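These notes concern the structure reproduced below.
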There are 2 protein chains.
Amino acid sequence: MKNGRTYAEIIDRLRQAGLRPTRQRIALAGLMYSGGDRHLSAEILHGEALRARVPVSLATVYNSLHQFTARGLLREIVIDGGRSYFDTNVSDHHHFYFENEGRLEDIPAEDVVVAALPKAPGRTRISRVDVIVRVRED
Amino acid sequence: MKNGRTYAEIIDRLRQAGLRPTRQRIALAGLMYSGGDRHLSAEILHGEALRARVPVSLATVYNSLHQFTARGLLREIVIDGGRSYFDTNVSDHHHFYFENEGRLEDIPAEDVVVAALPKAPGRTRISRVDVIVRVRED
DNA sequence: AAATTACATTAGAAGCTTTCTAAATTATTG
DNA sequence: CAATAATTTAGAAAGCTTCTAATGTAATTT
């Protein structure tokens with residue numbers, strides 16, 4: 001039984017994030033948090049919602065994904081053109097990118113050691129360091 | 001006087017890459033290699049070509065960018081949605097991404113030390129490790 | 001150097017993901 | 001329960017990229 005999976009927990013999460021727990025957001029969050037860490041595109045999540053008989057519009061899926069991201073419930077990842085993916089794992093970690101399949105997979109933070117980094121230029125500060133390990137099969 | 005800047009050198013490079021040195025490709029490569037390492041979008045390069053009185057179509061710019069990338073003359077980078085960038089620096093290095101401006105800047109390979117990496121899963125092998133240091137100003 | 005052949009370029013249409021718009025609906029507050 | 005503010009929605013629009021098929025150009029052959 002993982003965190004945030006029951007109906008009441010999901011509603012709590014949404015409220016804590018400052019989002020009204022609407023039917024659509026509850027359903028989308030429920031799907032997102034079903035089955036471990038996931039990398040979702042808007043289209044995939046929309047499809048799952050429809051299949052689960054939750055008639056939600058694609059616009060709402062996009063709205064929700066962005067709101068969830070802004071509130072720290074998701075993390076957006078863009079690797080290859082076109083499509084954005086949203087990672088339900090928002091803790092510190094990195095990614096494998098399977099070039100053949102166009103698929104992402106998490107790498108636990110402790111499996112990657114970045115021993116040296118340049119300092120942030122000008123008056124900027126580092127907000128995150130992404131490591132993408134690109135792998136291929138051929 | 002940097003590498004690959006004269007007309008003859010550009011033609012050589014194209015030929016070595018197995019690409020016919022057409023008027024358009026020569027002009028685009030010339031622009032790409034003018035002024036150090038660059039991060040170019042199709043639209044920017046197209047604009048520069050037109051301003052330089054080289055009437056090239058946007059489709060050709062896209063074709064050329066992809067051919068150059070496939071032949072190792074460019075490296076494609078996708079950080080944020082929508083647009084692709086092409087890096088004229090194809091040697092081993094990493095990137096700062098300025099979240100406020102949506103701009104990329106090279107980090108020399110030696111300024112980043114990745115001391116530990118997971119092994120490639122299944123029968124894959126690592127084709128590249130990208131490190132993106134996201135910085136912001138606020 | 002002309003003819004042939006293979007490759008490249010092009011304008012415009014089409015495709016795909018994402019965002020916008022303005023109207024209708026729903027959650028929350030008083 | 002009424003009033004208010006936020007949310008959802010369908011469809012249009014936008015933005016970048018790719019496709020199509022007709023035309024042009026470079027390379028090769030004669």
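Numbers restart at 1 for each chain; the letters A, B, ... are given by sequence-line order, proteins then strands. If you're wondering where the values come from, they're calculated on a predicted model, not measured in any experiment.
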Inspect the contact between B:E48 and B:R38 and indicate whether a charged nitrogen and a carboxylate oxygen are less than 4.0 angstrom apart. yes
Contacted region of DNA chain C by chain A, from 5' end to 3' end of the hits, cut-off under 4.0 Å to heavy atoms, spans C:dT17 to C:dT28
Any idea which heavy atoms bring A:L73 and A:A17 closest together, and the distance? CD1-CB, 4.1 Å
What is the nucleic acid contact for A:R83, judged by heavy atoms within less than 4.0 Å: base, sugar-phosphate only, or nothing? sugar-phosphate
A:R20 CZ to D:dA5 P, straight-line distance once rounded to whole Å: 10 Å
So which one's nearest nucleotide on DNA chain D is more toward 5', B:R23 or B:G82? B:G82
Is there a residue in residues 46-60 of chain A whose heavy atoms reach under 4.0 Å of DNA chain D, and which residues are they? A:P55, A:V56, A:S57, A:A59, A:T60
Which of A:D106, A:I107, A:N89 passes side chain to side chain contact (heavy atoms under 4.5 Å, CB included) with A:H95? Answer is A:D106
Establish, with yes or no, whether the OP1 or OP2 oxygen of D:dT9 is under 4.0 angstrom from a side-chain nitrogen or oxygen of A:Q24. yes
Does B:E99 pair with A:R128 as a salt bridge, N-O distance under 4.0 Å? no
With sugar-phosphate meaning primed atoms plus P, OP1 and OP2, does B:S84 contact a base, only sugar-phosphate, or nothing at under 4.0 Å between heavy atoms? sugar-phosphate
Flag, side chain of B:H93 to backbone of B:S91, donor-acceptor distance under 3.5 Å: yes
Distance, rounded to the nearest Å, where A:Y62 contributes OH and D:dA14 contributes P: 18 Å
